[in-house]
Every structure is written in structure tokens, then in C-alpha cells.
Amino acid sequence: MTDPAFRQFTRRQLTLAMACAAVAPGLALGAAGKPVPSLGQALGPRLPFGMAVTPAQMASSDAALVQHHASIIVAENAMKPSELSPRAEGQYSFEVADAMVNKALELGLKVRGHTLIWHQQTPPWMFLENGQTVSRATLIERMRRYITDVVTHFKGRVYAWDVVNEAFCFGEANVKTDAEGMRMSPWREIIGPEFIDIAFEAASAADPNALLFYNDYETQNADKVKAVSRMVRQLKGRGIKIDGIGHQSHMTVTHPRLSEVEASLIAYAELGVTQQITELDIALNADLTKNQVPRATPRLLALQAQRYADMFRLFLKHRDKLSAVVVWGVDDRQSWLNYWPMRRFEAPLLLDRQQQPKPAFWAVLEVAKAAKTAP
Ligand code: G3I
């Protein structure tokens, strides 16, 4: 027992780890056959920890691994409009998502809903009417109906929804925006900027108890801080319920700067909303869009561990502002970064392809334990 993390294991954690290992071989046992501590337990209620999952994972032995570490799940894809209503208005395919959500609830996990209104993974029928672009009135009616039906269907089972995803965009070539930096998505083009108001109103009417989030990437970008803050203030000024800001947090070993992330957490906190880290991963490619890392070298894994530790230290420091940290996937094999923006090697998560803890995992665990004992 040379690993200090292992030495501080309590009898309760050990029993739990052993029980999990019995359910899924290898699950709670590290490469050296030692039990792997639960990251969620180490972070504790001060910073609820979650993982993005697939329905197949929740139907497999991976569910026990997720339950071991996390208290929250979010569907990586299974609850997007293209999955829930692929064919036509008013027609839904809830079976797969229902099975996943119900399994999570049985395991005592909370479920984030991702996502209601986005410019991607929305079925083609949404924006078409008799082969033409849908009219504004019809699109508003369809949007209200979709949100109402989906939020009502999951009412009481999904505790938080990403209502609108990625509505703003700054400094990206080939992305058209309006003067406020709002992305000219079909929602914005056809309805106008008020599509955001309509979406939040419909979601809160369907489930007044669900937490409603605006979710985006690069939320530390100064232009985005300004635009998103203005939007939140406007929504609140009009009496529309918005509870939180979701920071996707798709990071790399060098980007973004810690100081920028901290400044943005502080700035958003002034809006009187909660914040969640909703899709955290830290790519080994310093530029997320490049393919420059053929494998995970010890040097890169150490750099990644340092970054994860720095970020979690920051999140714990600002835990009064944050109500969850969710990583975007269970293990490196599953990560979307292996196939976006091209097929390549990536390893951005805390567990490796064999679901074994990486240096980043142990680094975060140490940070969590240190925060527990701190005054
Ligand atoms: O479902 C098909 C499957 O039938 C087919 O065999 C396979 C072949 O490639 O493709 C499957 O669809 C893929 C889907 O993921 C499910 O794996 C799509 O091609 C692929 O584009 C899709 O990517 C998802 C991406 O959103 C789409 O924009 C990623 O998994 C998912 O991680 C990613 O998640 C987004 C968040 O929702 C919002 N924030 C950014 C984040 C990363 O892009």
C-alpha cells in the first residue's frame, strides 16, 4: 500500500469499492489490483460530480462504474431532439432515453437533460414546411410543443435542463452572427433573438421545479461573458425563469487560461444564477482542432494531470458558485474527441481506455481530499 490515496481509504469506501468490483470485474480495482476510490465521494456534496453516458453504458456493467464515481448523469446524445423526435412533429421515441433515465434513478443518480434547443442534432422536419423553410409562427408553435412534450415527459426525473445550447459565437470563421454575437442558427434566423425567451418560458411552464440552464462553450471568452450576461439580465428583467449557466469546458492542456476561467466564474456569479461545469474534458492536443498527438506520453499525461488538478482546485475554491462538475464521457475510448473534427487519437478524460484511473484521476483525488481537510 504505497499509494497515499489508498492509505486514506475508509472502511466504508473499501466495502463499497469491493461491492462494486463484485458487480463489474475490474470496475473498482486499479491496474495493481487495488480498489479505486470514488471521485464523487472524495469531492462530496460540496461539488457534485457527474458523467456523460450512453444508453448502452447504462445497460451494461459500466453503470456500476458510473455509480461508483458519480451522482449525476447526462446523456451524451440520447436526449437530443434528433434522438427523441427524429421523424415528425408530435412523434417521439422515448424508449431508449427512458430506459437510461430510469436505470440512473434506480442507481440513485440525478439526471441532467441535454439539450432542448440547439442548432445541431435537431431533426430536419423542425425547420421544413411543405418542402420550404418553415414560417416563424409555425416554428414557434413547434418549438413550444417540442419543449412542452419533452420536459413534461421527463418531469420529476430530470432535475436540470440545458434549455438553449450555444446561441452565441465570437471569432469563429464561417459562423454568421448578428450584431450581438448571436449565432444565425435556424432558430435565430426564423424566429429572431426572442427564441431564447420562448424556449425558457415553455420549459419553466412544463416543469416549474426543473433547473433551467443556458449552456455554451468558451464561456470564459470576454465577449461571451458580456453577451451571455446581457442575455441573462434581459431574461430576468422580463420575468423569465433562468436558473443557471452551463460551462461546457472542452479544454486542452494549454487552453483556456486558469485566470480567465476564474474571472468568468466570478462575473457570472453576479447574475445571481448557479453555474455548472457541464462537459469537462482536457484534450492532449493543445489545439482542439488538430491531430498532433499520436499517443499519450507520460509527459503529456502529467501535464494533463496538472491541468485537471488546477481546474478542480479552482472549482472547489468557487464551490459557492458551482452546483456540479460533469465530465464528458466515462473513459477515453468513448470520448467524442476521438472522432471530432477528424478521426484521431485522443485521451481527454480521467479514466483510460481500459477504464483505469489516469494520473489526472489521482491528481483530482488529491485535490478533493485536500479540500476536505481544509478549513
Ligand atoms: O448515431 C450514429 C450512428 O448510427 C452511426 O453509426 C455513427 C457513425 O459515425 O454516427 C452516429 O452518430 C454520431 C453521434 O455522435 C453518436 O455517436 C454522429 O455522427 C456524431 O456527429 C455525434 O457527435 C456528437 C456531437 O455532439 C454532435 O454534435 C458527440 O457524440 C457528442 O459528444 C457531442 O456533444 C456536444 C454537446 O452535445 C454540446 N457541446 C459540444 C459537445 C461536443 O461536440
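Counting convention: from 1, in listed order, for ligands and their atoms alike. Values below: all heavy atoms of this structure, side chains included; hydrogens, waters and symmetry mates excluded.
- Here the side chain of Asp331 pairs a donor or acceptor atom with the backbone of Gln334 at under 3.5 angstrom.
- Residues satisfying the side-chain contact (heavy atoms from CB on, under 4.5 Å) criterion with Asp178, sequence neighbours excluded, are Glu180, Met182, Met184, Arg188.
- Distance alone, capped at 3.5 Å, places no donor-acceptor pair between the Asp162 side chain and the Phe213 backbone.
- Contact shell of ligand 1 (protein heavy atoms, cutoff 4.0 Å): Glu76, Asn77, Lys80, His114, Trp118, Gln120, Gln121, Asn165, Glu166, Gln248, His250, Glu279, Trp328, Trp336, Tyr339.
- A cation-pi arrangement is not found for Arg238 relative to Phe200, the charged atom failing to lie both closer than 6.0 Å to the ring centre and inside a 45° cone about the ring normal.
- Every residue two or more places apart in sequence or in another chain that forms a side-chain contact (heavy atoms from CB on, under 4.5 Å) with Ser259 is listed here: Arg257.
- Contacts of Lys226 classified as salt bridge (Lys or Arg N to Asp or Glu O under 4.0 Å), with partners at least two apart in sequence or in another chain: none.
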